[in-house]
Amino acid sequence: MRRAFVILIVAFVATVSAHAADPNKVLRTVFPVAETGFDPAGVQDLYSATIEQMLFETLLTYDYLARPAKLVPLTAEALPEVSDNGKTYTVRVKKGIYFIDDPAFKGKKRELVAADYAYALKRLIDPKIRSPWAWLVEGKIVGLDELAEAAKKSGQFDYDAPVEGLTTPDRYTLQIKLRESDYNLPYILAHEPTSAVAREVIDTYRDVAGRAMSNPVGTGPYVLKQWVRSSKIVLEANPAYRGFTWDFAPGDAEDASIVATMKGKKMPQIGRIEVSIMEEDQARLLAFQNDELDLMNLEGPLAPNVLDGDKLKPEFVKKGIKLSRIVDPSIGYVYWNLQDPIVGGLSKEKIALRRAMAMAYDVDEEIRVVRNGQAEEVQYPVPPGVVGHDSHYRSPVRYDPVLANKLLDWFGYKRGADGYRNLPDGKPFTIRYASRPDSLGRQQDELWKKALDGIGIRMQVQKDRFPELLKLERQCKLMMRTASWIADYPDGDNFMQLLYSKYIGQNNNGCAKIPEYDALYEKAMKLPAGPERDRLYHDMARIIEVYAPWRLDTSTYRNMLIQPRVVGFRKHPILHAEWAYIDIAPANGNDVATGLGRRAAN
């Protein structure tokens with residue numbers, strides 16, 4: 001009997017060791033806007049990408065605590081071997097990693113291999129997929145563009161055709177050969193669009209509407225358990241996931257306490273993640289205050305309710321609420337569609353119109369009124385925390401409605417009897433400003449209406465949900481919108497590419513085609529980070545100021561509110577989701593490993 005009991009205990013311990021995640025530990029968090037789907041090649045929004053990072057795996061990822069962000073292997077055995085002056089990269093995939101079960105595998109275990117990453121890279125440039133991430137590989141990998149061109153002619157992308165720059169010398173080795181030196185390729189291999197997907201899965205569901213988006217099959221720490229579009233997403237720990245031992249070095253005192261609590265744990269610990277989509281700011285804060293959420297990003301409009309400056313108010317501190325605060329590696333900007341017949345084009349009067357609108361807008365008022373002090377004005381297209389940022393750069397674009405009015409007068413935008421200006425040919429015109437139907441969008445509407453009224457320009461508001469706005473801007477159908485870009489990888493190239501004309505329909509949401517900018521970007525993309533590239537970036541920034549495709553706006557603070565029971569959380573500047581690196585403590589204060597937490601009682 002005793003022997004049987006010992007065997008039972010050993011079996012139980014082995015099971016716990018193999019599947020560390022505790023189903024009684026539930027993390028509840030929130031998105032302020034809706035997701036669009038979960039195909040790494042097919043979606044571009046931050047919120048879908050956050051989920052993707054838990055379902056799929058890239059070759060590389062980031063050290064959880066290292067600041068600045070530091071690349072480390074994920075499914076790769078080591079960081080890439082680089083040769084031929086940054087033109088050839090060789091990566092070896094760890095053995096024994098498996099995709100989650102799916103009917104596409106016909107009852108067999110499916111191991112992750114190097115060909116899965118080669119396939120994922122090819123999907124980004126398949127014309128039928130029309131991936132918003134094609135720019136990651138276009139013009140870079142030897143032979144890949146030619147394969148895409150052949151597909152455009154034949155109507156079918158040949159995934160079996162050999163590509164000189166994308167080979168798998170053996171089952172676990174991926175070799176990438178580039179046309180030009182590119183020292184940012186490792187960052188791309190840590191970016192979720194390059195996550196491994198199984199060809200069998202895509203082939204099985206390719207003709208079933210939306211199945212690639214709604215049936216994610218990856219190797220990550222979590223699986224998609226439930227998805228109610230625009231309402232709720234539920235993830236559960238992947239029982240077949242290999243796991244990892246939490247072992248990160250502290251960078252400061254805050255890290256030291258996290259390390260003391262988390263070091264040595266088998267991850268992930270949390271068995272279930274529930275994500276709610278709540279577009280209204282007050283609804284999110286109320287849910288957090290009612291203990292219905294464990295994590296929440298505090299948007300600017302809510303800051304006065306919770307913060308005194310950059311600190312939590314005493315009543316939140318008393319409850320044990322924690323704050324993890326960073327300046328997002330991001331830029332906010334207002335763009336004008338350069339293909340639009342009213343605000344587009346590079347003629348002097350069109351440039352004057354955009355520059356006048358840029359000068360009419362008071363960014364300081366946005367920071368004060370809309371962001372409640374939880375933002376900084378952007379002076380340079382590369383934000384803080386990203387390689388290539390220049391903290392000393394100052395943009396000459398300033399709030400100056402007097403000069404803006406004079407500029408419009410000079411270029412023939414005369415006022416009519418109603419006080420609003422007409423085009424130089426005398427025809428009336430209206431600016432359509434597109435925004436989300438939430439409180440942030442409404443506040444931005446008001447500030448822009450005030451700004452344009454101040455220079456005699458009519459404005460209408462075009463309201464649509466976030467996913468629909470993304471679709472419309474990729475089709476160059478929006479006239480003007482406030483957009484933002486958060487770093488895919490911590491290098492300036494990720495921001496300067498936003499105005500490259502070859503990326504219209506992908507990242508160039510203002511549909512800008514400025515030949516001088518294109519020429520400088522093509523030079524810069526071939527250079528490693530350093531003074532020579534910085535000089536080109538400065539010249540590109542000046543071109544933005546002259547032609548005014550954008551009005552740079554703000555970089556926002558990310559204030560993550562954390563309930564006391566959440567252990568080990570620190571906001572990462574690049575990773576979207578920290579969920580696999582944290583834990584939930586039990587309500588009784590005993591060892592977290594017992595799993596007897598508040599979630600079990602609810």
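Of all heavy-atom pairs between Leu469 and Ala434, the closest is CD2-CB, 4.0 Å. Pairing each heavy atom of Ser230 with each of Ala34, the nearest pair is OG-CB, 3.4 Å. Between Tyr380 and Leu552 the shortest heavy-atom distance is C-CD1, 3.9 Å.
The aromatic rings of Tyr500 and Tyr521 are tilted relative to each other, their planes meeting at an angle between 30° and 60°. Classification of the Tyr64-His572 ring pair by plane angle, with boundaries at 30° and 60°, yields parallel. Classified by interplanar angle (parallel below 30°, tilted 30° to 60°, perpendicular above 60°), the ring pair Tyr187/Tyr489 is parallel.
Within 6.0 Å of the NZ atom in Lys513, the count of heavy atoms belonging to other residues, nucleotides or ligands does not exceed 12. Heavy atoms of other residues, nucleotides or ligands lying less than 6.0 angstrom from NZ of Lys463 number more than 12. Around atom CZ of Arg67, more than 12 heavy atoms belonging to other residues, nucleotides or ligands sit under 6.0 Å away.
By the 4.0 Å N-to-carboxylate-O rule, Arg570 lies too far from Glu578 to be salt-bridged with it. Ion pairing between Arg436 and Glu279 fails under the 4.0 Å rule for side-chain N and carboxylate O. Taking a cutoff of 4.0 Å between a charged side-chain nitrogen and a carboxylate oxygen, Glu468 and Arg481 do not qualify as a salt bridge. In this structure, Arg421 pairs ionically with Asp409, as a charged nitrogen and a carboxylate oxygen lie closer than 4.0 Å.
Side-chain contact between Leu470 and Leu472: absent, with no pair of heavy atoms (C-beta onward) separated by less than 4.5 Å.
We find the CZ-CD1 distance between Arg123 and Ile202 to be 4.0 Å, quoted to the nearest 0.5 Å. Between atom CG of residue Leu121 and atom NZ of residue Lys140 there is a gap of 11.0 Å, rounded to the nearest 0.5 Å.
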Do any side-chain atoms of residues 539-548 form donor-acceptor pairs under 3.5 angstrom with protein atoms, and if so which ones, sequence neighbours left out?
| residue | atom | partner | partner atom | Å |
| --- | --- | --- | --- | --- |
| Arg542 | NE | Tyr393 | OH | 3.2 |
| Arg542 | NH1 | Tyr393 | OH | 2.8 |
| Arg542 | NH1 | Glu545 | OE1 | 2.9 |
| Glu545 | OE1 | Tyr393 | OH | 3.3 |
| Glu545 | OE2 | Tyr393 | OH | 2.8 |
| Tyr547 | OH | Glu516 | OE2 | 2.6 |

side-chain contact (heavy atoms from CB on, under 4.5 Å) evaluation trace for Asp45 with Val33: CA-CA 10 Å; Asp45 65 284; Val33 297; over 6 Å; no
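Legend: residues meeting side-chain contact (heavy atoms from CB on, under 4.5 Å) with Glu180, ordered by chain and number and at least two apart, are Lys526.
Looking only at distances, no side-chain donor or acceptor of Asn494 sits under 3.5 Å from a matching main-chain atom of Ala487. A donor-acceptor pair under 3.5 Å is formed between the side chain of Asn337 and the backbone N or O of Cys476.
The ring pair (Phe, Tyr, Trp, His ring centres under 6.0 Å) test with Tyr333 is passed by exactly one of Trp550, Trp485, Phe495, Tyr361: Trp550.
Checked by atom type, the side-chain pair Glu349/Ser347 shows a donor-acceptor distance below 3.5 Å.
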